[in-house]
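Predicted, not measured: the structure shown is a model, and the values here were computed from it. Atom set for the values below is all heavy atoms of this structure, side chains included, hydrogens, waters and symmetry mates excluded. Just so we're on the same page: letters track the sequence lines, and every chain starts at 1.
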Protein chains: 2
Amino acid sequence: MAKPAARLKDIADKTGFSVNTVSLALRGSSRIPPETRALIADVARELNYLPNFVATSLVRRETRSIGLILTDLSNPVLTAVAQAVEGELSKRGYTTLFATSNNDIAVEETMIETFRARRADGMLVFPCSHRRLDHIRKLRARNYPVVLLVGDPDAGIDAVCMDERMGAYKAVGHLLSNGHRRIVIIDGGTKLGNSEKLEGYMQAHRDAGVEIDTALFVKPSGHSVAHGYWAADTIFSQRLGASAIFATNDSLALGVLRYCARNNIRVPDDIALMGFDNIEFGEYAVTPISTVDYNVERVSAMAVERVVDLIGAEADLPPPRVTLIEPDLLIRQSSNSTLRG
Amino acid sequence: MAKPAARLKDIADKTGFSVNTVSLALRGSSRIPPETRALIADVARELNYLPNFVATSLVRRETRSIGLILTDLSNPVLTAVAQAVEGELSKRGYTTLFATSNNDIAVEETMIETFRARRADGMLVFPCSHRRLDHIRKLRARNYPVVLLVGDPDAGIDAVCMDERMGAYKAVGHLLSNGHRRIVIIDGGTKLGNSEKLEGYMQAHRDAGVEIDTALFVKPSGHSVAHGYWAADTIFSQRLGASAIFATNDSLALGVLRYCARNNIRVPDDIALMGFDNIEFGEYAVTPISTVDYNVERVSAMAVERVVDLIGAEADLPPPRVTLIEPDLLIRQSSNSTLRG
DNA sequence: GTGAAAGCGCTAACAT
DNA sequence: ATGTTAGCGCTTTCAC
């Protein structure tokens with residue numbers, strides 16, 4: 001850690017006061033007369049004193065840090081969440097310990113342990129899987145403040161997130177009401193459960209009295225642009241007779257769009273397209289992509305507020321609360337031929 | 001911090017050994033016989049013991065954490081760096097303290113102080129400005145390990161990054177050798193210096209004996225897709241007579257591309273286009289964008305290696321070393337009409 | 001108004 | 001083979 005930093009003791013020695021007095025003075029205690037405080041402050045500055053927060057954390061039994069664990073940062077919307085969360089935490093005097101699990105549950109568990117060993121006051125986690133939440137449930141059972149960034153109403157864990165089911169329901173509903181009857185859903189990287197969006201898709205069909213054809217479910221092995229491109233390739237080479245595609249995120253939709261451009265398939269005339277997340281790259285695509293707005297600011301602010309509340313809880317943690325934020329649709333050209341780019 | 005966690009003392013009390021013995025046993029010291037170790041390990045598990053890393057940090061005077069300060073995460077390439085850096089650090093047993101400065105130098109300074117107070121063993125920073133580096137220089141002068149993620153050979157601070165000047169030189173050289181003589185450069189968010197890419201642009205012109213026209217310098221107030229769109233608007237409404245555009249990042253280039261699509265300007269036939277960074281969205285744009293590859297993995301790995309080396313330095317820090325990684329060009333359709341999408 | 005003493009949970013000499 | 005002591009840098013009673 002470089003040059004041994006100045007300690008309270010150094011200031012005490014130099015001023016002749018005790019460590020205690022210096023500590024109080026530096027924290028602006030009214031028990032210390034203003035002149036003394038000023039004197040001590042001067043010497044502190046001179047010595048380039050910076051309080052050792054590690055020591056303070058040990059005494060106070062709080063670190064004013066929280067752990068943020070995401071799956072990965074390839075999705076711009078997760079990235080935006082990371083940034084917004086850090087900003088919110090910083091505002092409240094918390095430092096962010098950051099890690100990505102790379103969708104590996106073992107890594108997720110390890111990072112949680114690491115942060116716990118570092119005595120992070122709480123954690124915000126975007127878990128790899130909706131199904132494997134036991135380690136997190138156990139944490140909570142031990143009164144450790146955790147808030148998930150994906151919502152599973154039955155998980156027994158606090159969560160704040162967009163209502164993905166509702167978002168998908170609205171998106172697919174929009175396509176259905178535009179007369180589409182055979183709608184492909186591209187859902188990437190959901191090997192471990194997480195079918196909120198698929199459920200929304202199905203509910204929309206049921207409510208509209210449209211039959212569901214599982215041949216229209218396309219499942220690439222990830223959710224990047226390349227996966228969307230691949231998905232489009234399988235869709236169009238299989239001749240599924242689809243007139244619309246619902247991609248479960250904008251990156252996938254962008255991949256589809258690229259495939260269409262390359263193969264002279266017109267969007268939305270030959271095929272309508274909807275994405276999910278509302279990333280800037282979708283808005284500025286050749287054909288601006290209709291999408292479901294992900295309210296990053298709102299999710300981040302509420303999630304942070306929730307952990308902080310949990311941290312402040314007196315005795316046991318209150319019962320878990322799941323907050324689902326209802327998303328809005330953004331209809332652009334990719335699903336609406338009357339809108340012109 | 002939830003239920004008071006088990007301490008060494010609790011294990012000591014329960015087993016009858018001293019705290020010291022428990023500590024040694026848990027760390028696998030050969031001084032403790034295997035049976036004792038096993039016994040202690042059992043009780044530790046039973047008590048759900050997790051070492052308090054805050055206490056350890058205080059004693060050892062190292063936290064095994066490093067601070068990562070970025071400007072913002074809106075650029076996918078910075079995002080990728082963040083993720084790769086975290087991965088590298090994690091491999092080496094370091095935890096990442098993360099913060100964004102939002103391009104505000106005051107925030108940058110505050111975060112540096114915060115991380116220093118938390119006794120981060122070192123820092124990786126992508127500074128707001130190339131010009132205002134005094135606070136970081138001062139840190140280094142106090143023997144604090146810092147590595148910049150942008151390279152200023154004269155800053156007197158360690159740095160590992162892509163050679164942006166060289167990248168721009170190559171990109172513009174490519175356009176020049178394709179016969180372009182009036183090349184616009186779109187350079188966003190550089191109010192505070194940072195003209196490496198502009199320098200590369202100029203050097204390429206000089207070496208090719210092509211005159212430089214400052215009317216071709218377009219400076220939007222940021223580097224997002226929207227700013228690129230805006231830049232394209234000013235370019236085409238000013239009738240600059242340009243035949244090529246060099247956008248200093250891919251987001252800007254994507255904005256230009258969107259503008260062209262909307263205004264029936266053909267890329268590359270009417271205007272050639274090059275970006276910088278090689279983000280996936282550029283590769284999969286309607287017209288795949290030629291760009292300068294940003295070697296995220298390499299930069300991240302080397303930067304981490306460098307801080308870790310500095311942290312391990314015995315006495316004073318070695319003299320600062322700036323590592324510039326030479327980037328490769330990726331020529332795609334946007335700058336080459338013989339390539340067909 | 002100021003200081004002494006104890007302690008946060010751990011590690012590291014130095015005993016025995 | 002195990003325990004004792006001191007101390008990391010700070011905060012918090014409690015005393016004078």
Side-chain angles (χ1 to χ4, degrees), chain A residues 1-41 43-44 47-65 114-121, chain B residues 1-41 43-44 47-65 114-121:
Chain A
M1 211 183 311
K3 272 206 188 101
R7 303 153 304 162
L8 288 184
K9 176 142 203 321
D10 299 317
I11 303 177
D13 290 350
K14 189 141 187 180
T15 56
F17 290 105
S18 74
V19 166
N20 188 339
T21 303
V22 175
S23 172
L24 288 170
L26 255 20
R27 284 179 291 156
S29 164
S30 56
R31 283 175 49 190
I32 312 291
E35 311 83 60
T36 310
R37 266 188 273 166
L39 174 71
I40 289 176
V43 175
L47 259 35
N48 221 302
Y49 176 76
L50 229 203
N52 185 331
F53 204 75
V54 175
T56 307
S57 296
L58 185 57
V59 172
R60 293 246 180 94
R61 268 94 145 251
E62 72 166 8
T63 57
R64 296 239 116 206
S65 66
T114 302
F115 289 170
R116 213 157 65 86
R118 287 180 178 275
R119 297 306 190 260
D121 296 338
Chain B
M1 207 186 313
K3 268 203 189 104
R7 304 153 303 163
L8 288 184
K9 175 140 204 322
D10 298 316
I11 303 176
D13 289 349
K14 190 140 186 178
T15 56
F17 291 106
S18 73
V19 166
N20 189 332
T21 304
V22 174
S23 172
L24 288 170
L26 253 21
R27 285 180 290 157
S29 163
S30 56
R31 282 174 50 190
I32 312 292
E35 310 84 61
T36 309
R37 265 188 275 166
L39 173 72
I40 289 177
V43 175
L47 259 35
N48 220 302
Y49 175 75
L50 228 202
N52 184 331
F53 204 75
V54 175
T56 307
S57 296
L58 185 58
V59 171
R60 292 244 179 95
R61 270 95 145 244
E62 70 166 9
T63 57
R64 297 239 116 209
S65 66
T114 302
F115 288 171
R116 213 158 66 85
R118 287 181 179 274
R119 296 304 190 260
D121 296 338

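Taking atom CG on B:Leu8 and atom P on C:dC8, their separation rounds to 13 Å, with Å as the unit. The nearest whole Å value for the distance from the CG atom in B:Asn20 to the P atom in C:dA13 is 12 Å. When rounded to the nearest whole Å, the span between CG of B:Leu58 and C1' of C:dT11 equals 10 Å. When the P atom of C:dG9 is taken as reference, atom OH of B:Tyr49 falls 10 Å away, rounded to whole Å.
The line from CZ of B:Arg119 to OG of B:Ser57 is 11.5 Å long, rounded to the nearest 0.5 Å.
When heavy atoms are screened at a 4.0 angstrom cut-off, B:Phe17 is found touching the sugar-phosphate backbone but no base atom.
Of the residues in residues 21-41 of chain B, those with a non-hydrogen atom less than 4.0 angstrom from any atom of DNA chain C are B:Ser23, B:Arg27, B:Arg31.
Annotation: side chain to side chain donor-acceptor pair (under 3.5 Å) contacts involving residues 24-35 of chain A, sequence neighbours excluded, comprise A:Ser23-A:Arg27. For residues 11-26 of chain B, the pairs satisfying salt bridge (charged side-chain N to carboxylate O under 4.0 Å, His left out) are B:Lys9-B:Asp13, B:Lys14-B:Glu46, with sequence neighbours left out.
The nucleotide range of DNA chain D contacted by chain A, defined by atoms under 4.0 angstrom from heavy atoms of the protein and reported 5' to 3', is D:dG9 to D:dC14.
For A:Arg7, the side chain to side chain donor-acceptor pair (under 3.5 Å) partners are A:Asp10, not counting sequence neighbours. For B:Arg37, the side-chain contact (heavy atoms from CB on, under 4.5 Å) test picks out B:Ala25, B:Ile32, B:Pro34, with sequence neighbours left out. Listed by chain and number, the residues in a side-chain contact (heavy atoms from CB on, under 4.5 Å) with A:Leu26 are A:Leu8, A:Ile11, A:Val22, A:Ile40, A:Ala44, A:Tyr49 (sequence neighbours excluded). The side chain to side chain donor-acceptor pair (under 3.5 Å) search around A:Asn48 returns B:Arg142, not counting sequence neighbours.
A donor-acceptor pair is defined here as one N or O able to donate and one able to accept, closer than 3.5 Å; no such pair exists between the side chain of A:Arg118 and the backbone of A:Thr63.
The side chain of A:Arg61 contributes an N or O atom lying less than 4.0 Å from OP1 or OP2 of C:dG9.
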